[in-house]
Every structure is written in structure tokens, then in C-alpha cells.
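These notes concern the structure reproduced below.
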Amino acid sequence: MGKITIAIDGYSSTGKSTLAKQLAKSLGYIYVDTGAMYRAVTLFALRKKYINEKGTDEDALITSLPQIRLQFKFNDDLGYAEMYLNGENVEQEIRKLEVSRYVSKISVVEAVRDKLVAMQREMGKEKGLVMDGRDIGTVVFPDAELKIFMTASADARAARRYKELLDKGEEITYADVLKNVRERDHIDSNRKHSPLRKGDDAIELDNTDMGLQEQFERILNFAKRVI
Ligand code: C5P
């Protein structure tokens, strides 16, 4: 059986990572969550105070990019890889709403994208991987054998993300989460470099009213046809 590259792109909180993880596990593939990489760079910028509600100090961020070391380390108990920023496990921190509020503003910076895209291509050069993000099928791996583009209504996505964050003990309102989902959609889709868009060759999956098992089976079937 030949190994392929599977690109899963789409709007925020469409459940890309849950699906990508499950798919990677069942195929024996590596899973790479590229959102975690943009989130870790955002955490770095927040800690260094290179970004706040007034704007981004792009020059300072770009100058310090070589100091940012990102690693995924597999956690056997969890069954997936966690994100490390300069040796520190930041998996919990990067999922918080504070990071979500700024991540799309960091993701517009071309030098950040160049650094992360180069790392992603390196990780995928052996194939046998499922990578999720916003520009995987369009920019990172335009030759990926299978490309999925996930969508769902903003309300359905916000409701899922709200539940997830509440379960983690964050004190947030549904309105805050919905606003964040809409803002990220807008910035991600309208940025100059590698905007979020469905490639002509991507299969669209709208999961507003679709359970996880059904989504998984559909994508697994698509994958089996190609492999
Ligand atoms: O996937 P996740 O919601 O964790 O991604 C967080 C943010 O990172 C996105 O809203 C987007 O701004 C950015 N991102 C990106 N390109 C990717 C993955 C994520 O610009 N390939």
C-alpha cells in the first residue's frame, strides 16, 4: 500500500483536528496540527509583548523568529503529539481563548508563514501524513493526493468550541466565542498571503448536521480510493 499526503483545510472549529487525528490513527499515518504551530508563535509574541489589542510589532517578531523553536512530542497516554515551545509543553496554553484572539493577526505575517510552511514541508516529505490547517492543500502540499475542505455554520462551530472551552474550565461567554470564530474566519479568508480558500481539487465536507462517525467514514472511504 502506497503512502499518501492528506490535507485537511477549513474554517476554525470545524472539527478538523479531531477528524484528522482519527484518520491518521486508523491509517497508521503521522498527524500534524499546523494551527498549533501558529498558536505557539502567537503565545511567544504575547509573552514578549510583541502583540496587543493596539497592534503587532512585526519587526520585533520577525527579528526574534530564529529564537522560536517548535517541536511536536508524541504523548503515549493521550495518543497524539503535543506542542512544545522552546522546550516547554504549551499544549494547554495555546488552546486558550486569549491565544485564539490574536492568532489570526500573527498568521498574516509573511515571515511567520514562510518559517512554518518550510517546517511543515520538511515534516511531510516522507508522505504518510495527515496535516490540517488553512493552506495545506493550496500552498503547503499542492500535490497532496487527497484534499478535504471542511465547513459548518458559524453557530454550529461556536457552539462546539464553547462547550470545549467550558469543559476545560475557561470562563467565557458564547457570544465571545462566536465573535472570535467570525473574526478569525474574516481575517483568515481575507489576508494577503495564503488566504483560506477551498482549492478546486478539494472535496468539501459541510458537517453542520453530521456526526463524527459519519464524517470519519466518508473521509476514510475517499482515502481508501486513492491509496
Ligand atoms: O486550526 P486552529 O484553529 O488551531 O488555527 C488557529 C489559527 O492559525 C487560524 O485561525 C489561522 O489564523 C492560523 N492558521 C493558518 N494556517 C494554517 C493553520 C492555522 O493561518 N495552516
Side-chain angles (χ1 to χ4, degrees), residues 5-21 24 31-46 51 56 58 61 68 70 72 80-83 85 90-124 129-142 144 147-152 154 156-158 160-165 168 170 176-199 202 207:
T5 301
I6 302 177
I8 303 191
D9 290 304
Y11 292 96
S12 47
S13 308
T14 39
K16 298 185 296 293
S17 59
T18 309
L19 204 63
K21 254 181 227 161
Y31 162 61
V32 180
D33 170 6
T34 62
M37 301 168 78
Y38 288 92
R39 287 172 178 273
V41 174
T42 304
L43 181 63
F44 176 91
L46 280 166
I51 188 164
T56 313
E58 283 197 22
L61 175 63
I68 302 178
L70 304 179
F72 284 106
Y80 59 84
E82 295 179 295
M83 187 78 234
L85 167 63
V90 292
E91 185 61 32
Q92 305 289 327
E93 217 171 332
I94 58 170
R95 307 293 165 190
K96 294 195 170 159
L97 193 57
E98 175 71 354
V99 171
S100 301
R101 282 199 180 104
Y102 290 101
V103 65
S104 291
K105 293 178 181 156
I106 293 294
S107 308
V108 301
V109 180
E110 191 178 17
V112 170
R113 304 204 70 80
D114 288 346
K115 176 180 168 107
L116 301 191
V117 168
M119 284 179 69
Q120 290 153 12
R121 288 190 177 139
E122 185 63 30
M123 287 186 254
L129 119 152
V130 183
M131 190 175 269
D132 80 18
R134 302 293 186 289
D135 59 345
I136 311 307
T138 50
V139 174
V140 182
F141 294 117
K147 299 179 185 180
I148 308 288
F149 188 83
M150 293 182 56
T151 64
R157 292 183 286 127
R160 288 178 202 149
R161 183 52 65 101
Y162 177 58
K163 187 176 176 305
E164 242 173 65
L165 292 172
K168 286 184 186 162
E170 273 211 59
D176 279 343
V177 178
L178 181 63
K179 182 167 172 260
N180 177 256
V181 161
R182 290 209 165 114
E183 259 172 25
R184 281 203 285 147
D185 286 354
H186 182 77
I187 303 176
D188 293 347
S189 308
N190 291 288
R191 67 183 174 218
K192 186 167 157 214
H193 307 291
S194 317
L196 168 66
R197 63 172 183 86
K198 179 191 162 300
N207 65 13

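Residues take their numbers from the sequence shown, with the count starting at 1. Atoms within each ligand, like the ligands themselves, are counted from 1 in listed order. Below, each value reflects all heavy atoms present in this structure, side chains not excepted, and no hydrogens, waters or symmetry copies.
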Test: Lys198 cationic atom under 6.0 Å from Phe149 six-membered ring centre, within 45° of axis: no
Greater than 12 external heavy atoms within 6.0 Å of Lys163's NZ: no
Those protein residues which place at least one heavy atom below 4.0 Å from ligand 1: Thr34, Gly35, Tyr38, Arg39, Val103, Ser104, Ser107, Arg113, Gly133, Arg134, Asp135, Ile136, Arg184, Asp188, Arg191
Backbone N/O of Pro142 and side chain of Lys147: donor-acceptor pair under 3.5 Å: yes
Carboxylate-amine/guanidinium contact Arg157 Asp185, below 4.0 Å: yes
Verdict with reasoning, Asp132 to Tyr31, per side-chain hydrogen bond (donor to acceptor under 3.5 Å, both in side chains): CA-CA 8 Å; Asp132 80 18; Tyr31 162 61; 3.0 Å; yes
Evaluation steps, side chain to side chain contact (heavy atoms under 4.5 Å, CB included), between Asp188 and Val108: CA-CA 8 Å; Asp188 293 347; Val108 301; over 6 Å; no
